[in-house]
There are 2 protein chains.
Amino acid sequence: MTLAERKRQLVRDELTEAALKLLASQGFEETTIDQIVAAAGVSRRTFFRYFRSKEDVIIEFLGHLGTKLRDALAARPAAETPARALREAFAVFTDTYHHNPEKSIRLARLTLGSPALMARYLERQTQWRADAGAELARRMKVDPATDLRPRLTAAVGFAAFDTALTCWVDGDGDQDLNTWLDKAFRIVFGETGL
Amino acid sequence: MTLAERKRQLVRDELTEAALKLLASQGFEETTIDQIVAAAGVSRRTFFRYFRSKEDVIIEFLGHLGTKLRDALAARPAAETPARALREAFAVFTDTYHHNPEKSIRLARLTLGSPALMARYLERQTQWRADAGAELARRMKVDPATDLRPRLTAAVGFAAFDTALTCWVDGDGDQDLNTWLDKAFRIVFGETGL
DNA sequence: CCTCCGATGGCACTGAGTGTCAAACATGAC
DNA sequence: GTCATGTTTGACACTCAGTGCCATCGGAGG
């Protein structure tokens with residue numbers, strides 16, 4: 001990595017760290033971008049050269065989870081039921097979260113608790129859901145335009161995931177996210193569907 | 001209704017109509033509040049005395065659907081399965097939409113097509129989902145804090161509804177929303193669950 | 001040493017949303 | 001009819017998000 005690139009990364013990290021600290025202590029809506037840039041020591045204009053909005057600072061932690069989910073789904077053995085394959089593919093989410101549980105739960109709580117952040121998160125999830133639906137259609141060898149099943153399987157899977165995530169956060173991570181996800185999938189898809 | 005109240009309603013209608021016309025012709029994000037108030041002949045400040053935001057002009061059409069859904073759910077016979085009761089309760093949505101299909105489909109298309117509107121819609125839906133989950137818990141006589149089933153039933157129901165709504169809008173209302181909803185519910189809950 | 005390019009900051013602007021205030025106006029009492 | 005009251009309105013000023021533009025600085029390379 002060149003010097004310029006490292007400098008750029010430095011500023012980015014500085015902004016992210018300052019934002020995280022302020023958002024955690026004051027809440028999302030109460031924190032202004034002016035406060036963040038003051039804490040990071042850059043101009044307001046520079047902030048927008050790194051992030052499109054305050055929301056983006058947090059949402060970027062999601063990275064390329066959507067692509068990873070789709071790839072993981074495509075990699076599941078064809079013998080698995082769609083529901084089972086989707087459940088296993090969700091491991092890319094739970095793995096990411098388990099890699100740093102405290103931070104993940106803090107970010108998740110922040111997101112679930114702020115309407116603006118939640119909106120951006122759901123916007124992303126809508127895309128992921130569509131991608132997963134398309135991949136399930138391929139796996140099931142049906143036309144997604146006429147057969148609702150792949151899309152509904154994806155939609156139900158994400159509904160289960162959202163519920164599991166909420167339980168996980170509300171319970172302060174007492175129980176594993178995977179445990180919640182297993183419970184939820186077993187209920188929505190039944191023993192037979194999985 | 002007093003004269004003052006009727007005058008207030010008049011201004012409100014004027015704003016709604018002006019907004020609807022502009023939003024339909026220019027799109028949601030492209031239309032500014034200044035354009036709306038200019039078309040309605042009131043000041044910008046007055047707009048905000050009637051609506052909290054541009055989004056609210058559209059979102060208010062949803063009215064008290066959440067409360068109505070909950071009431072309808074509570075009114076379903078106890079003998080029905082939770083899924084069946086939820087499906088029948090969704091009639092408050094389909095009835096509202098069928099009361100004026102062209103307008104409903106236009107509004108739905110506008111909402112599904114605009115990130116800001118979609119966000120506000122989903123925010124509302126989250127509340128409805130929670131309410132429906134609570135009502136289902138009562139109906140199922142279980143504690144929603146420990147038993148995921150009522151919440152998941154509501155979540156899956158809304159997932160089915162969202163998918164059905166999208167199909168309905170994408171198909172330009174060619175097929176009844178109720179038809180889509182029946183198809184979706186049969187898939188996600190199966191013949192047994194209903 | 002000079003040139004070029006990327007990063008930065010400053011400035012001005014649009015647009016959303018809010019607080020404040022004074023003028024306008026309908027309502028009700030006398 | 002007149003006066004007092006409460007509501008609605010427009011105007012202005014302000015904060016905050018987000019964008020375009022331009023001058024400047026500093027490092028990389030010839």
Side-chain angles (χ1 to χ4, degrees), chain A residues 1-23 25-60 110-111 114-121 123, chain B residues 1-23 25-60 110-111 114-121 123:
Chain A
M1 201 190 283
T2 95
L3 176 60
E5 280 169 336
R6 264 180 297 150
K7 259 175 92 176
R8 212 178 144 72
Q9 191 59 45
L10 206 74
V11 175
R12 190 183 195 81
D13 291 346
E14 198 69 40
L15 278 169
T16 303
E17 201 183 324
L20 239 40
K21 192 173 294 181
L22 285 167
L23 296 185
S25 69
Q26 307 183 336
F28 185 81
E29 346 280 340
E30 291 72 24
T31 305
T32 70
I33 293 180
D34 287 296
Q35 293 177 318
I36 297 172
V37 298
V42 299
S43 74
R44 211 170 64 91
R45 194 66 188 83
T46 293
F47 174 90
F48 286 106
R49 290 199 176 96
Y50 286 86
F51 302 100
R52 262 178 305 166
S53 65
K54 222 185 349 172
E55 290 89 322
D56 269 34
V57 182
I58 304 303
I59 292 301
E60 281 205 0
L110 198 61
T111 304
S114 149
L117 273 175
M118 187 64 178
R120 297 294 294 270
Y121 168 65
E123 205 178 323
Chain B
M1 203 190 280
T2 94
L3 176 63
E5 279 169 336
R6 263 181 297 151
K7 257 176 93 176
R8 215 178 141 73
Q9 191 58 46
L10 206 75
V11 175
R12 189 185 193 81
D13 291 347
E14 199 69 38
L15 278 169
T16 304
E17 201 182 325
L20 238 39
K21 193 174 293 181
L22 285 167
L23 296 185
S25 69
Q26 307 183 335
F28 185 82
E29 345 280 343
E30 292 72 24
T31 304
T32 70
I33 293 180
D34 286 296
Q35 293 177 318
I36 297 172
V37 299
V42 299
S43 75
R44 211 171 63 91
R45 195 64 187 82
T46 293
F47 175 91
F48 286 107
R49 290 196 177 98
Y50 286 86
F51 303 99
R52 263 178 302 167
S53 66
K54 224 186 346 173
E55 290 88 322
D56 268 34
V57 181
I58 303 302
I59 292 300
E60 282 205 0
L110 197 61
T111 303
S114 149
L117 272 176
M118 188 63 179
R120 297 294 294 270
Y121 169 64
E123 205 178 324

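A note on names: the letters A, B, ... follow the listed sequences, proteins ahead of strands, and every chain is numbered from 1.
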Requested in this report: Apply ring-ring contact (aromatic ring centres under 6.0 Å, His included) to Phe28(B) and list each qualifying residue two or more places apart in sequence or on a separate chain.
Outcome: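 With neighbours one apart ignored, the set is empty.
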Report task. Just jot down the salt bridge (Lys or Arg N to Asp or Glu O under 4.0 Å) partners of Asp13(B), sequence neighbours excluded, or say none. Result ->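 Result, salt bridge (Lys or Arg N to Asp or Glu O under 4.0 Å) vs Asp13(B): none returned.
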Report task. Identify, with sequence neighbours excluded, every residue that meets salt bridge (Lys or Arg N to Asp or Glu O under 4.0 Å) alongside Glu60(B). Result ->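 Listed in chain order: Arg12(B).
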List the atom pairs, with distances to 0.1 Å, where a side-chain N or O of residues 38-51 of chain A and a protein N or O form a donor-acceptor pair under 3.5 Å, not counting sequence neighbours.
unit_1	atom_1	unit_2	atom_2	d
Ser43(A)	OG	Thr46(A)	N	3.2
Ser43(A)	OG	Thr46(A)	OG1	3.1

Given atom [atom1] of [X] and atom [atom2] of [N], what is their separation to the nearest angstrom?
X        : N       : atom1 : atom2 : answer
Gln9(B)  : dA26(C) : CD    : C1'   : 18 Å
Glu30(A) : dA17(D) : CD    : P     : 12 Å
Glu29(A) : dA17(D) : CD    : P     : 11 Å
Arg6(A)  : dG26(D) : CZ    : C1'   : 16 Å
Leu10(A) : dT8(C)  : CG    : P     : 10 Å

Query raised in the report: Is any side-chain heavy atom of Leu20(B) less than 4.5 Å from a side-chain heavy atom of Ile58(B)?
Result: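 They are in side-chain contact.
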Query raised in the report: Are any of the side-chain heavy atoms of Arg8(B) and Val11(B) separated by less than 4.5 Å?
Result: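 Side chain of Arg8(B) against side chain of Val11(B), heavy atoms only: no contact under 4.5 Å found.
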Requested in this report: Mind checking the CG-CD1 spacing from Leu23(B) to Ile36(B)? Nearest 0.5 Å is all I need.
Outcome: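 Those atoms lie 5.5 Å apart.
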Query raised in the report: Side-chain N or O of Ser43(A) less than 4.0 angstrom from OP1 or OP2 on dT8(C)?
Result: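 No, Ser43(A) has no side-chain N/O under 4.0 Å of OP1/OP2 on dT8(C).
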**Report entry** Below 4.0 Å: OP1/OP2 of dT9(D) and any side-chain N or O of Tyr50(B)
**Finding:**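 Yes, within the criterion.
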Report summary line: Counting primed atoms, P, OP1 and OP2 as sugar-phosphate and everything else as base, the B/S/- map of nucleotides 15-22 of chain C against protein heavy atoms under 4.0 Å is SBBBBB--
Query raised in the report: Is it true that atom CD of Glu17(B) has more than 12 heavy atoms of other residues, nucleotides or ligands lying nearer than 6.0 Å?
Result: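 No.
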Which atom pairs link the protein and nucleotides 4-6 of chain C when you take only N or O atoms and keep those under 3.5 Å?
none

